[in-house]
Amino acid sequence: MSIRKKLGQNFLNSKLIAKFIVDSAKISKNNIVYEIGIGKGILTPFLCEKSKNVISVEKDVKLYEESKVKFSKIKNLKIIHGDGFKQHEKFDIFVSNLPYSESKNAIQWMLMEKFQHGIVMVQYDFAKKLLAEGNERKAISVLAQSGFEMKILKKIGKENFTPKPKIDSAIMSFSRKNTFSKELIQSVNLMFSFRRKKLQNIGKKLGLEIKSDQRLEEMNNNEIIKFAKKIKKI
Ligand SMILES: C[S@@+](CC[C@H](N)C(=O)[O-])C[C@H]1O[C@@H](n2cnc3c(N)ncnc32)[C@H](O)[C@@H]1O
C-alpha cells in the first residue's frame with residue numbers, strides 16, 4: 001500500500017472549510033490545541049491565530065520537514081514527528097482532519113483522553129455509524145455515544161480534497177460526557193463480538209454466571225456500558 005493511502009493523505013483544499021472547522025472549535029487565547037496530521041497545514045495557521053499554543057503531530061517525515069520550514073516563523077506552534085495517537089501531550093481542544101484509515105482507533109483514543117471538546121472530520125459513512133441507533137449500533141457507536149455528545153456540523157463533498165477520495169466526509173463536533181479506560185473499551189468490543197447472544201450465554205463464554213436472557217441489541221447504551229464494567233473485572 002502506498003504511504004498516501006496508508007496514512008489517509010487526502011488534503012483539504014478549501015480555506016473556507018478550514019476556517020469553518022477552526023471557528024467551530026470555539027478556541028480562546030488560553031487554550032492549547034492538539035492536531036493530528038498537519039498534512040500541508042491548511043488548518044494549522046488558523047488554529048495558531050486563535051489559541052495560546054498548537055501542538056501538531058505528523059507521521060510522514062516529508063510533510064513534517066516541509067511544515068517545519070513553512071511555519072518556522074509561527075512562535076506558538078510545536079510540530080512533532082511521530083504517531084499522534086502515541087504522544088503524551090496535555091491539551092484542551094482536539095482538532096483533526098483524521099486519516100480515514102485510523103477512524104475507529106482515533107475515536108477509541110479520544111475516549112481515553114481528557115480533553116473537553118473537539119472538531120473532527122471523518123468519512124460521512126463513519127459519522128453515520130457513530131450516530132446509529134438500535135440494531136444498527138456497532139461497539140464503536142455505543143462507545144462514542146456514551147463518551148461524547150456528537151453532532152454532524154456539515155457534510156463535505158469529496159471534491160474539497162486533493163487527491164479526491166471515493167466518498168464524502170463530515171465535520172463532527174464532540175463534547176465530553178465520559179472518559180473510558182482501555183479495558184472498558186475492550187469489554188464493549190468483546191460483547192459485540194457475541195452480538196446475537198443472550199447475556200447469560202456471553203457470561204458462559206467468559207466463565208461468569210449471569211441470569212438474564214436479554215440480548216445485546218435489546219439493551220440501551222447505559223445498560224451495555226454497565227454490563228461491560230461487570231465483565232471488565234475478569
Ligand atoms: C486527511 S490528512 C489531513 C491533513 C491536513 N490536516 C488537512 O486538513 O489537509 C491526514 C494527515 O494525517 C497524517 N497521519 C496519518 N496517520 C497519522 C498518525 N498516526 N499520526 C500523525 N499523523 C498521521 C497523514 O500523513 C496526513 O498528513
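Numbering starts at 1 and runs along the sequence shown. In each ligand, atom 1 is the first atom listed, and ligand 1 is the first ligand listed.
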Exercise. Can you tell which part of Asp83 has a heavy atom less than 4.0 Å from ligand 1: side chain, backbone, both or neither?
Worked result: both
Exercise. For the side chain of Asp92 and the backbone of Ile32, is there at least one donor-acceptor N/O pair under 3.5 Å apart?
Worked result: yes
Problem set entry | Closest non-hydrogen atom pair, Ser173 against Ile119 | CB-CD1, 3.8 Å
For this session: Keeping the roles fixed (side chain from Ser96, backbone from Ile36), state whether a donor-acceptor pair exists under 3.5 Å.
Result: yes
For this session: Identify, by atom number and element, the atoms of ligand 1 in contact range of Phe85, meaning under 4.0 Å from any of its heavy atoms.
Result: 19 (N)
Exercise. So, the side chain of His117 versus the backbone of Ile93: is there a donor-acceptor pair under 3.5 Å, distance only?
Worked result: no
Exercise. Ligand 1 and Leu98, any nitrogen or oxygen pair closer than 3.5 angstrom?
Worked result: no
Exercise. Just by modelled atom types, is the Ser146 backbone N or O under 3.5 Å from a matching donor or acceptor in the Asn178 side chain?
Worked result: yes
For this session: Check ligand 1 against Gly82 and write out every atom of the ligand that is under 4.0 Å from a heavy-atom position of the residue.
Result: 20 (N), 21 (C)
For this session: Hey, could you give me the CG/OH distance between Asn10 and Tyr100, rounded to the nearest 0.5 Å?
Result: 6.5 Å
Problem set entry | Ile210 and Ile202, any side-chain heavy atoms less than 4.5 Å apart | no
Exercise. Which is it for Phe161 and ligand 1 at heavy atoms under 4.0 Å: side chain, backbone, both or neither?
Worked result: neither
Problem set entry | Protein heavy-atom partner closest to atom 9 (O) of ligand 1 - residue, atom, separation in Å | Leu12 N, 2.9 Å
Exercise. Under a 4.0 Å heavy-atom limit, does Met121 contact ligand 1 with its side chain, its backbone, both, or neither?
Worked result: neither
Problem set entry | Whether Phe85 and Trp109 hold their rings parallel, tilted or perpendicular, with breakpoints at 30° and 60° | perpendicular
For this session: Would you mind running through ligand 1 and noting each atom that sits below 4.0 Å from a heavy atom of Ile42?
Result: 7 (C), 8 (O), 9 (O)
Problem set entry | Closest protein heavy atom to atom 11 (C) of ligand 1, given as residue, atom name and distance to 0.1 Å | Gly37 CA, 3.6 Å
Exercise. Given Glu58, Lys40, Lys59, which one has a non-hydrogen atom that is nearest to atom 25 (O) of ligand 1?
Worked result: Glu58
For this session: Could you tell me whether Arg4 and Asp60 have a side-chain N and a carboxylate O separated by less than 4.0 Å?
Result: no
Problem set entry | Any N/O pair Gly84/ligand 1 closer than 3.5 Å | yes
Problem set entry | Contacting atoms of ligand 1, where contact means under 4.0 angstrom from a heavy atom of Glu35 | 6 (N)
Seminar exercise, completed: min-distance protein heavy atom vs atom 8 (O) of ligand 1 -> Asn97 ND2, 2.5 Å
Seminar exercise, completed: Gln9 heavy atoms within 4.0 Å reach ligand 1 at atoms 24 (C), 25 (O), 26 (C)
Problem set entry | Under-4.0 Å salt bridge between Lys151 and Glu149 | no
Problem set entry | Over 12 non-hydrogen atoms of neighbours within 6.0 angstrom of CD in Glu136 | no
Exercise. For ligand 1, which atoms, with element, lie under 4.0 Å from some heavy atom of Asn10?
Worked result: 1 (C), 2 (S)
Problem set entry | Interatomic spacing from CG in Asp213 to CZ in Arg215 - rounded to 0.5 Å | 8.5 Å
For this session: Give the residue, atom name and distance (to 0.1 Å) of the protein heavy atom nearest atom 1 (C) of ligand 1.
Result: Gly8 O, 3.1 Å
Problem set entry | Gly41 touching ligand 1 at heavy-atom level, < 4.0 angstrom | no
Exercise. Are Phe174 and Ile107 close enough that some pair of their side-chain heavy atoms sits under 4.5 Å apart?
Worked result: yes
For this session: Have a look at ligand 1 and work out which part of Leu63, if any, has a heavy atom under 4.0 Å from it: side chain, backbone, both or neither.
Result: side chain
Problem set entry | Leu43, any N or O under 3.5 Å of ligand 1 N or O | no
For this session: Identify, by atom number and element, the atoms of ligand 1 in contact range of Phe11, meaning under 4.0 Å from any of its heavy atoms.
Result: 4 (C), 9 (O), 27 (O)
Seminar exercise, completed: shortest atom 15 (C) of ligand 1-to-protein heavy-atom contact is with Leu7 O, 3.2 Å
